[in-house]
Amino acid sequence: QSAGKDAVTLGMTLEPPGLDPTAGAASSIAEVTLYNIYETLTKINSDGSVSPLLAEGWEVSPDLKTYTFRLRRGVKFHNGEPFNAEAVKFSFDRAGGDKSTNKDKRTFANLTTQVVDEHTVVLLNKEIDPDLLFLLGQATAIIVEPKSAETNAAKPNGTGPYKLGAWSRGASVSLVAWAEWRDASKIRIRRATFRFIPDPAAQVAALLAGDVDAFARVTPRSMAQFKGNPRFQVLISGSRAKTILAINNARKPLDDVRVRRAIAAAIDRKAVIQGAADGLGVPIGSHYVPGALGYVDTTDLNPHDPEKARRLLAEAGVKTPLELTLTLPPAPYARQGGEVIAAQLAKVGITAKLQNVEWAQWLSGTYGNKNYDLTIISHVEPFDLGNFAKPDYYWGYKSEKFDKLYDEIKNAARPADRARLLGDAQRLLAEDSVHAFLYQPQWVTVANKNLRGLWKDMPIFINDLSALSWTTP
Amino acid sequence: MAADTQPPLLQVQNLSITLPTRRGPARALRALDFSLARGETLGLIGESGSGKSLTALALMGLLPEGAQLEGSIRLNGQELLGRPDADWCRLRGNRMAMIFQEPMTALNPVHTIGRQVAEPLRLHRGLSARQARAEAVALLERVGIARAAERLDAYPHQFSGGQRQRITIAMALACGPDLLIADEPTTALDVTLQKQVLELIGELVAERGMALLLISHDLAVIAGAVQRTLVMYGGTVVEQGPTRALFSALAHPYTQGLFAARPHLGAGRVPGLRLPTIAGTVPELADLPPGCPFAGRCPRTIAECNAALPAAVPVGEGHTARCIRLGDA
Amino acid sequence: MALFLLKRLAALAATLLAASIVVFLVLEILPGNAAQVLLGPDAAPEAVAELARKLGLDQSAWQRYWHWIAGLLTGDMGLSHAYGTPVGELIAERLLLTVPLALLAMVLAACIALAAGVYAASRHNRLGDVGVMALAQLGIAIPNFWFAILLILLFSVQLQWFSAGGFPGWTQASGGGFWPALQALLLPAISLAVVQGAILARITRSAVLDVLREDFVRTARAKGLSRRAALWRHVLRNAMIPVVTVMGLQFANLLAGTIVVENVFYLPGLGRLIFQSIANRDLVVVRNCVMLLAAMVVLVNFVVDLLYAAIDPRVQVAGP
Amino acid sequence: MRALRHRSLVLGALLTLALLAAALLSFVWTPWPPYEMDMASTLQPPGRAHWLGTDAYGRDVASLLLVGARATIAVGVIAVGIGLAVGTLLGLVAAARRGWVEELIMRVADFTFAFPALLLAIMLTAVYGPGMVNAIIAIGIFYIPTFARVTRASAQAVWAREYVLAARASGKGAARITLEHVLPNIASVLIVQATIQFALAVLAEAALSYLGLGTQPPQPSWGRMLAEAQTLMFQAPLLAVWPGVAIALAVLGLNLLGDGLRDALDPRLARQR
Amino acid sequence: MRDLHHHYRLPRRRLLGPRPLLPVLHGVSLEIAAGRSLGVVGESGSGKSTLARLVMALETPASGSVQLLGRDLHRLPPAQLRSARRDFQMVFQDPYGSLDPRQSVERIVTEPLRALARPTRAELRERAAEVLAQVGLRAGDAGKYPHEFSGGQRQRIAIARALITRPRLIVADEPVSALDVSVQAQVLNLLAELQERHGVTYLLISHDLAVVSHLCDEVLVLQGGRVVERGAPRELFARPQHPYTQTLVAAVPRLVV
Ligand SMILES: Nc1ncnc2c1ncn2[C@@H]1O[C@H](COP(=O)(O)OP(=O)(O)OP(=O)(O)O)[C@@H](O)[C@H]1O
Ligand SMILES: Nc1ncnc2c1ncn2[C@@H]1O[C@H](COP(=O)(O)OP(=O)(O)OP(=O)(O)O)[C@@H](O)[C@H]1O
Ligand SMILES: [Mg+2]
Ligand SMILES: [Mg+2]
C-alpha cells in the first residue's frame, strides 16, 4: 500500500510562527526548515556528530580560534542565486549585526568572516568555543541569500532540497521537493506535510486515525497504546535536554545550600520521571547528560532521602512548613512533574504552591524578572553549562569556583582535558545543589511502521525529510 | 317533542363535562339540556366561572385536553360526540362557527387579516386564493370595514378593537354557518362599540337565517338580543325560558338576586339606598355541592337543597327553573 | 425602517468602540512581550530588544491604540508579530473555517431543535414529548468537548469514517476541496450543535406550547383547521419569535464553544488563533480577533432584530 | 403530568443534594487520601481497592471526584453569586429608574454580552494567570448582564402591576417599592435563573479547566480530570467517563431542579406545561 | 382641580427629532365638595385614568394644578407631599393585580401607614383590624394572603387599604368593573355606606354609567380629554345635552321589564 508512496504527513505539536530561524527561536521553525529548506555549513547527525553540508571540509587552528571552510561548488538558492563565500559572510555578519534578531547574536558578534575566494571563507572567533562546528549546524546559522533574507519568514529561500509548498496557517505547512537540488534524484519524499496538533489526545487520535504518518516527540503518556500495535513503530531517542527543578539561588532561604540539598533529597527522580514523562527519562545528578563528552554519574551524590531532607531543613533553621511557589510553564512535563514534586516536597515539610503560567509569563516573570522560587524547565540547548557562569542568569547562582572552572573548560583545546574538567564541573554543580536536577528526557516518535529514515536520537530537533522513505513491504 | 317534525338544528341532551383539576376531577357542567332551531337565538348568562364558555367549547368540540364528555350533542340530528377530529374539522368554521371574547388576541398577529378571513373559505369551500380574497373583501365590507379591499393586507395590530371584533365576525361568517356561537363578543368593547357589534350580529343572523348562541354575563345584553335565555350557575342551567317571559317572571332565586343587584341607570344617588346583594361568592368547581349549586348563598336554602340537583320545574310556557322551593318565597 | 436601522447601527458602532478600548486596555496589562516569546529564553537580550523595536512594541500605548484604530478604519489590521503576515489575511483564513463551522452548527442546531421541539410540543405530555425532552436535558448537561471526544472515538478511531481532526481547506490547491472540508467540519459542528440544539429544542417546545394556548389558535381550530394544520400555519411563525431571540443570544456561546471544539479537533479556526496568539503575546492578532468576534456577536444580534421585523409585523418601523 | 413535573423536581433536588453531599463529605472522608500519588499503581481499573480505579499518578479517582465537587460548587456558587448580586442590582435599578439610567445599564449589559464568557476568561487568565478565582470572576462577570436582563424584564412587569401603583399612591419611594414589592415578587424567577446559571457555570468551569485555564493542580477538578483523561483515552477510557458523567449528572440535576422550581413556584406554568 | 393639561411623550420618530407629544387632557377642571362624590365617565382612552393619576400626584401635569384642602399637590416638596398623602388614597380596578400576592393582608392594608410614619406593630395590628372590620372582613383575615380571597373580598381589602389613613378623598378608578354583578353590588353598597358613615369624598371613575349614577352626586363626561358635560346623574342621563353623552346613553343596553 505504501509502495511507491512519495508523500508523508508529519505531526508537530506547535506551529512555527514564521519560517525564518534567524528571526525566531521556536524549535518548530527548525523542525520544518532545517536541512529541508535551509542548509548550514555543517550538518549535525543523529548521534550528535558533525559532518560537511554546504562546506565540503574545514580546518581548525590549534588555538580553536580560526576556522577555514571550503565551500561546496555549484550550489544554488531556490531563486537561482548562487551560493558562495559572499552569501556566507552576509549571513554571519547579518546574524551578528546591530539589527540582528538572531537568538545566537552574541555568538555571531564574536565571529569575523573573511572571504578568501569564491569558495573559501575564514571565520575568526574572538573567544574559544569548542562547540562552534556544532553551532554552525544549527538553524540560527543557516546560509541565506542576501536579497531574499528579509522575506524568509513567509517566503523562505534556501539551498535545501525542499521548497515551501503551501502554508495554511494554524493547520499545516507543506514542502515540495525542489527538482533542481543538487542530489534531487536521491529524494524519495516528494511532498511532506507538517500538521500542527498541540493537544496530546488529538495527537493520539490523529495517529490512530492515520491522519499523520509520524509524530516526533508525542506526549509520552500516549505511547503505551502504540507499542503493541503492529501498525506503528515506536522510537525512543535520547536527547541533550536536561529537565530540572530550577531553584532561585538568590532568594532566601534558597541561598542556603542546605535548603537546596534538602529539596534535592526530597525528590524521588524515578517517581518524577514516571509522573512527568511516563518513565521516559534517564535520571541526572547534574546539568549534563549521559552520552555527552565527559559525563559522570552524579545521581548518587545526594540521593532520595526524605529523612535527610527534613534534617537538612532543620539544620538550616527553616521553619516548616516552608512555603514556596513552584512556577510551571505550560509544557506537560512541567505541569505533570509539578504535581509529583509538590507531593514529594510536602512530605518533607515544604508546601509548594503550584503556579501555572503561560510561556510568555514564564519568560517575563520567571526568566526575565527572576520572580520565582522554584520552576520546572527543560533546557534543550546542547552545551549550556556556561549559563552557570552568567552572573545575571535567572538562576541567581554565583560561584567563583565554577566561573574559573568554566573558563578552563573553554580554553582547553584537548578533548581529554575538557572531559576531565567537565566532570569536575558536574560534580561541583551537584554538590552545590544548584538545582534539583531531574532527568534527561527521552523523546518518543510514533510512526507508521513502513516509514524509514527517522532519527533515532535527537541532539537537535529537526525532521530530515531527504532521509525519509517508504519501504515496500 | 313531536317525532314527525324535522329534528332541531342543535340538540344538547344531558351534557356533562368533567375536567381534571389539581384537586381531582371536577364536574364543570352538569346535565345540560337544550335545543336550538334554525334561525333561533339563544342566550346564555351567568356569572364568571359558571360554565358558559365550556358549553360553547363543547359544542365546537374544542374542549381542553383531558376533559370528559357525557350526554349527547346532535347537529341536524346527527350525533357529534365520539366522532373523530377530522369530522369535527369539516363542521367547524363551516356549519358552525364561533366568535370569541377577546378580539385583541383572537387574531393571529403575524398573518394579514385577508388571509385569516379567507382561510375558512379555502379550507371548506376549496376556493382559489384569488376567489377567496374577493370573497373576503365582500365579507369585510359586510361587517363594516371601510375600504376593505385596501386593508386586506394589513395586520391585526393595525386595527382598533371594534374593527378587530368585526374581522372575527367576518371570519366566523365566511362559510355561512348554520350555527353561530358568540362567546361574550362585546365584553372587551366600549358601550358604544358594544351596541354596534351586537346590532351587527343581530342583523347578520336575521339576514342569513342562522341560529345564534349568544353568551354574556350582562343581563341587559341578553335581554335585548335573544329569543330564549338560559341562566347558568355553578355548571348547571338553573333557569331557562323565552327571554321576555323569563325576565318578567324571574323564578330562580339566583336569577332574582342577580337581577336585583344591578344598579340602575338614571336612578341617581339616593342616600341610604342599598342594592340587594347575594351573600357569599361563586363556589369553586371542585367544591361544588352534590345538590343545588346555589344552596349555600340562597336565602331559602334548606337541608334538602343539598341532597340532589333539583329537577327542572316548569314555571311558565317553556320556562323552567331548577329549584325545589319555587313556591315558597 | 431607515430610522430603525440608523439607530441600531449607531448603537452598534458605539458598542464596538467601547469594546475596542476595553480589549486594548485588557491586553495592555498582559505581562510579557512577543519579542521575548519569539526568541525564547536563550536569546541574546540585544536581539530581543531589536525585535521589539521592529515590532513597534516600544511605542506608547496611545500611539499603538491610535494606529490600530486608524488602521481598522482604513481596513488595515497591521502585521502579526509572530507570523509577520498581515493580520487581515490571517484572520480571513481562519474565518473561512470558523464562520462555516458556526453556521453549520447553527443550522444543525436549528434543524434538530425545530424538529424535536415541535414534535415534543405536538405530543405534549405524552411519551414522545417526555422522551425528547429527557434527551434534550441530557444534551444540555453533556460538556460539548466531552461529546466531541466521544465522537472522535466512535467515528474516527473505531469506524474511521472521518478524520480525527484537522482541516484540509476549501480548495483543491490546499489539498482539500468543498466536500473534504465539509466532512472535516461535520463532527465538530455536530458536537457544537448538540448542546445548542438541546437548548433551542426546549425553547422551541415551550414557545410552541405558549402559542398553542393563544386565543388565535383556538380561533384557527374553530375555523376547522386540524390540529396539525393549525400548528403549521398559525403556531410556528409566532413561536419562531422567541426562538430567534434565543438563537441570537446563543450565537455568542456558539462562538465561544468553537474555541473549545477547535482545540479538540485541532482546527485552525479563529478560537485557536486567539488562544495561540495570547500565548505568543501576538497582541495585534488578539486585538483584532476579539474585536471581530465581538462585532460578529453584535452583528448577529442586529440581524436577529431585523429577522424579528420580518417575522413579526408588529415590530416594523417603530422598533425598540 | 403533575407527578412527572414533581419527579423532575425531586430528581433534580436529589442530584443537587448528592453534589453538595459529595463536596461536604470530601472534607471529612474520602476513600483514599485524594492528593496521595502512588506511582506503583497508576491507571488501575475499577476494583475493590479503588472503586473507580486510579489515574496516571496512582491517585484514587473516586476520591478525586468527591474533592472535585468542591471546585464545581465553589465556581457555581461564587460566579452565580457575583452575577446575581451585581446583575440583580443593575436590573432593579434599570427597572426602577427608567430613562437614561436604564438605557446606560442595558447598553453596558449588551456590550458585555458581546464577549462570550470563554473569551473573557481566556483574556482574564492571560492577564492574571489561570486559576479558579479568575475563572470564577470571568464567569461571574459574564452572568451580570444575564441576571440584569432577567431582573429588569421581570421587575418591569412587577412595576407595571397595580399594587406598585398603590404603593406609590401611599407615598413609597422607588427604593422601598423595590425592596418590598419588586424583589419578593421576582425572587422565584431569580432562583430559577440562578439554578440554571449554576448549571451553566459547572459546564463553563469544566470547559475552562479543560483548556487549562480553570482550577489548577493539585486542586482536583472534574474538567481537568477530563482533560487529563483525554490523553489516556485509548488506554483507560473509563478515566474519561467518570468526570464526564459527574459533570453531566450535576448539570442535569441543577437543570431539573431549575425546571422543577420554575413550575413549583409558578402555579400558572405548573398547570399548563 | 384647575385647568389640567397633560400629555405623554412618545418615543422619538426621528433620530434627533423631538419626542412627539400625545395630548391626553385638554384643560379639565373640576371641584368636589367634601363628603360628596363625583363620577367620571367616558369612552376608553378618554383620559379617565390619567386624570386619576394626576389627582393622586402619581404624575405631574404639563400645566394646571391640583389643590386639595387648599394645597397645591404638585408644588409641595416631596416630604410634605408624602405626609399629605394621608388625605387622599386610591382604589384600583383590578382586584387581582392591585394586591401584592406575596404580602399578607395586614401588610397590604397597613402599607399607607407604614409609608407615612413608623408605627409600632401593635398600632398597625389595631388599625388593620379596625379597617378590616369597616369593610366587613374578619380580623382573622389579616394573616391571610390575597389568593385566599374572592374578587369582591379583594376589592374590600383594597378599600380597607385606602381607608386606613382616614383620608378625605378616595379616588376609585373603575373599582367594580372586574367584578361579577352579584359581587359588584356588595362593593357598591360598601362604598356608599362608608361615605355616609365617615363622610369620605369620592372621585369615582367608571365606564359603567349605571354604577356612576348609582353612587354619585354629580357626573362628568369626558371625551378626548375634554369635559363635554356635567351635572347630576338623574338629569344628565335622562336628558343628555351633548351629542356624545347622547350616544353614550343611547348605547347602554336597557333591561325593559
Ligand atoms: N382547561 C381547564 N381546566 C380546568 N378548569 C377549567 C378549564 N377551563 C375552564 N375551567 C373551569 O371551568 C369553569 C367554567 O369555566 P368557563 O370558562 O366555562 O366559565 P365562564 O362562564 O365562561 O366564565 P367567564 O364569564 O369568566 O368567561 C371555571 O370554574 C373554570 O375555572
Ligand atoms: N404611560 C403612557 N404613555 C403614553 N400614552 C399613555 C400612557 N398612559 C396612557 N396613555 C394614553 O393616554 C390616553 C388616555 O389614557 P387613560 O388610561 O387615561 O384612558 P382611560 O380613559 O382610563 O381608558 P380606559 O377606559 O381604557 O381605562 C390613551 O390614549 C392612552 O393610550
Ligand atoms: Mg367565558
Ligand atoms: Mg383606565
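Just so we're clear, the structure is a prediction, and the values are computed from it rather than from any experiment. Any value given below was found using the heavy atoms of this structure, including those in side chains, with hydrogens, waters and symmetry copies removed. Sequence lines set the chain letters: A, B, ... in the order given, protein chains first and strands last, and positions in each chain run from 1.
Using a 4.5 Å cut-off between heavy atoms, C:Ile140 touches chain D through backbone and side chain atoms alike. For C:Val264, the parts lying near chain D are the backbone and the side chain together; criterion is any non-hydrogen pair under 4.5 Å. Both the backbone and the side chain of D:Ala207 have a heavy atom closer than 4.5 Å to some heavy atom of chain C. Using a 4.5 Å cut-off between heavy atoms, C:Leu153 touches chain D through its side chain atoms alone. With a 4.5 Å cut-off on non-hydrogen atoms, C:Leu254 does not touch chain D at all. If you measure heavy-atom distances from D:Val245 to chain C, the contacts under 4.5 Å come from both the backbone and the side chain. For D:Ile247, the parts lying under 4.5 angstrom from a heavy atom of chain C are both the backbone and the side chain.
A heavy-atom distance below 4.5 Å is found between the side chains of D:Asp259 and C:Arg202. D:Tyr210 has its side chain out of reach of C:Asn144: every pair of non-hydrogen atoms, C-beta onward, lies at least 4.5 Å apart.
In C:Leu127, the CG atom is not crowded: 12 or fewer heavy atoms of neighbouring residues, nucleotides or ligands sit closer than 6.0 Å. C:Arg126 CZ: more than 12 foreign heavy atoms inside a 6.0 Å radius.
A donor-acceptor contact shorter than 3.5 Å is absent between the side chain of C:Trp146 and the backbone of D:Gly223.
Rounded to the nearest 0.5 angstrom, D:Leu252 CG and C:Ile142 CD1 are separated by 9.5 Å.
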